[in-house]
Amino acid sequence: MNYRGGGAPENSSLRGKKAGFTLAEVLITIGIIGIVAAMTLPTVVQDHKKKVLATKLQKFYTVMNQAIMLAENKHGERETWFQDVYGVDADGNSLNKAWFDLYLKEHLNILKESDTTAYGVVIYYLVDGGAFSNVDSNGRDWTFYPGDPEKCLKKYSGGHDGWGICKFAFFYNPVSTNIKGRVFGPYGQSNWDGSKSNLYNHSLYGCSKSSTWAAYCTLLIQYNNWMIPKDYPFKIWY
């Protein structure tokens, strides 16, 4: 057998042999991938929730206004049949629910509804997974829940906590002198000064952790073309 120089023979089994990864190298690589995934996964999940939230908010806005227009075809102009009612009657039945059932319910895909509370609040569950309710003090303010309302209310059981996080404020008052208030839409649409800074910095309603009631968060998202802005102050949770 001929050899060339001092190297291995041409047909040696060493020819073309490739070095493999050791077990330690594989484990280190897996560990690095795990760390990167742990760091990026929460951001990916939160971004997904933001997109889902924005889509649900826009859809709710659209279907409610469609329901109102369909009700107008049947009952006449909205200001003639709107009722600013809340609370319960002598038998404990929700006054707002009676109005809602008469004019709007048939035009919406309601999956189920909760029992009436002592204040006349009823939660309506939509087939797409969201839910909404009237409030306990008037017939103009409404709350939308992109996820499970019971989960949201349990976590944020007091005050205005949870606004802009797992519940979002809407407003509807067709007898208002302000034309914007006659459309079912984000809370604040009829008295907002039109500036972006006011959506964040209003001391009472601004979409901010320092405001008393972050009701302008819905309006901020609409202002941003129904997308969650990059500087959104809250972590979406539902």
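Predicted, not measured: the structure shown is a model, and the values here were computed from it. Numbers here are sequence positions counted from 1.
Using a 4.5 Å cut-off between side-chain heavy atoms of Ile, Leu, Val, Met, Phe, Trp and Tyr, with links allowed through other members, Trp142 and Val175 fall into the same hydrophobic cluster. Hydrophobic clustering keeps Val135 apart from Val121 (ILVMFWY residues linked when any side-chain heavy atoms are closer than 4.5 Å, directly or through intermediates). Residue Leu102 is grouped with residue Leu95 when hydrophobic side chains (ILVMFWY) are merged at heavy-atom distances under 4.5 angstrom, including chains of intermediate members. By the criterion of side-chain heavy atoms lying less than 4.5 angstrom apart, applied directly or through intervening Ile, Leu, Val, Met, Phe, Trp or Tyr residues, Tyr238 is not grouped with Met227; the two fall into different hydrophobic clusters. Put simply, Leu70 and Tyr172 are part of two different groups of oily side chains (I, L, V, M, F, W, Y) that touch within less than 4.5 Å, one to the next.
Atom SG of Cys217 is separated from atom CD of Gln222 by 13.5 Å, given to the nearest 0.5 angstrom. Here OG1 of Thr143 is found 7.5 Å from CG of Asp141. Values are rounded to the nearest 0.5 Å. We find the NE2-CG distance between His75 and Asn73 to be 10.0 Å, quoted to the nearest 0.5 Å. Remark: Lys196 NZ to Leu220 CG distance equals 7.5 Å, nearest 0.5 Å. To the nearest 0.5 Å, atoms CZ (Arg78) and CG (Asn173) are separated by 11.5 Å. Note that the OH atom of Tyr200 and the OG atom of Ser208 stand 10.0 Å from one another [nearest 0.5 Å].
Between Lys56 and Val52 there is a side-chain heavy-atom pair separated by less than 4.5 Å. Using a 4.5 Å cut-off on side-chain heavy atoms (C-beta onward), Ser203 and Ser211 make no contact. A 4.5 Å side-chain heavy-atom check between Leu219 and Leu199 finds at least one atom pair inside the cut-off. Residues Tyr86 and Arg140 have side chains not in contact (no heavy-atom distance under 4.5 Å, counting atoms from C-beta outward). A heavy-atom distance below 4.5 Å is not found between the side chains of Met69 and His107. For the pair Tyr61 and Thr218, the minimum side-chain heavy-atom distance is 4.5 Å or more.
Minimum heavy-atom separation, Ile236 to Gly164: CD1-O, 3.9 Å. Between Gln189 and Lys180, the shortest heavy-atom contact is NE2-O, 3.0 Å. The two residues Val63 and Leu108 come nearest to each other via the heavy atoms O-CD2, 3.7 Å. Leu104 and Ala71 make their closest contact through CD2-CB, 4.1 Å (heavy atoms, listed as atom of the first residue, atom of the second, distance). Considering all non-hydrogen atoms of both residues, Ala54 and Trp226 come closest at CB-O, 3.2 Å. Here the closest heavy-atom approach between residue Pro146 and residue Cys166 is recorded as CD-O, 3.3 Å.
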Determine whether Ser195 and Asp193 satisfy the following criterion, side chain to side chain donor-acceptor pair (under 3.5 Å), listing intermediate values before the conclusion. CA-CA 6 Å; Ser195 68; Asp193 69 4; 2.8 Å; yes

Under the side-chain contact (heavy atoms from CB on, under 4.5 Å) rule, what do Arg182 and Glu79 come out as? Steps first, then yes or no, please. CA-CA 8 Å; Arg182 300 176 193 174; Glu79 58 265 29; 5.7 Å; no

Trace of the side-chain contact (heavy atoms from CB on, under 4.5 Å) decision for Asn93 with Val88: CA-CA 5 Å; Asn93 300 311; Val88 296; 5.9 Å; no

side-chain contact (heavy atoms from CB on, under 4.5 Å) between Lys105 and Ile110, worked out: CA-CA 7 Å; Lys105 185 176 180 179; Ile110 305 296; 4.2 Å; yes

In sequence, state the C-alpha distance, the side-chain angles, and the governing distance for Asp47 and Ile228, and then conclude on side-chain contact (heavy atoms from CB on, under 4.5 Å). CA-CA 9 Å; Asp47 288 344; Ile228 312 299; over 6 Å; no

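Remark: side-chain polar atoms of Thr80 are not paired, donor with acceptor, to backbone N or O of Gly76 under 3.5 angstrom.
A side-chain contact (heavy atoms from CB on, under 4.5 Å) with Trp99 is found for one member of Asn134, Asp84, Val85 and no other, namely Val85.
Cation-pi geometry between Lys74 and Trp81 is not met: the NZ or CZ atom fails to fall both under 6.0 Å from the ring centre and inside 45° of the normal. For the pair Lys167 and Trp163, the cation sits on the ring face: its NZ or CZ lies under 6.0 Å from the ring centre, inside 45° of the axis.
The aromatic ring centres of Phe82 and Tyr103 sit 6.0 Å or more apart. Aromatic ring centres of Trp192 and Tyr223: separated by under 6.0 Å. You'll find the ring centres of Phe144 and Phe168 outside the 6.0 Å limit.
Applying the 6.0 Å contact sphere to CG of Asp115 captures no more than 12 heavy atoms from other residues, nucleotides or ligands.
Residues passing the ring-ring contact (aromatic ring centres under 6.0 Å, His included) test with Tyr124, sequence neighbours excluded: Phe100, Phe132. Every residue meeting the side chain to side chain contact (heavy atoms under 4.5 Å, CB included) condition with His202, not counting sequence neighbours, appears here in chain and number order: Asn198, Leu204, Tyr205, Tyr216.
Salt-bridge annotation for Lys59 and Asp128: present, with a side-chain N of the basic residue lying under 4.0 Å from a carboxylate O of the acidic one.
Note: Phe184 and Phe170 have parallel aromatic rings, judged against thresholds of 30 and 60 degrees for the angle between ring planes.
Between the side chains of Asn96 and Ser94, no donor-acceptor pair is found at a separation under 3.5 Å.
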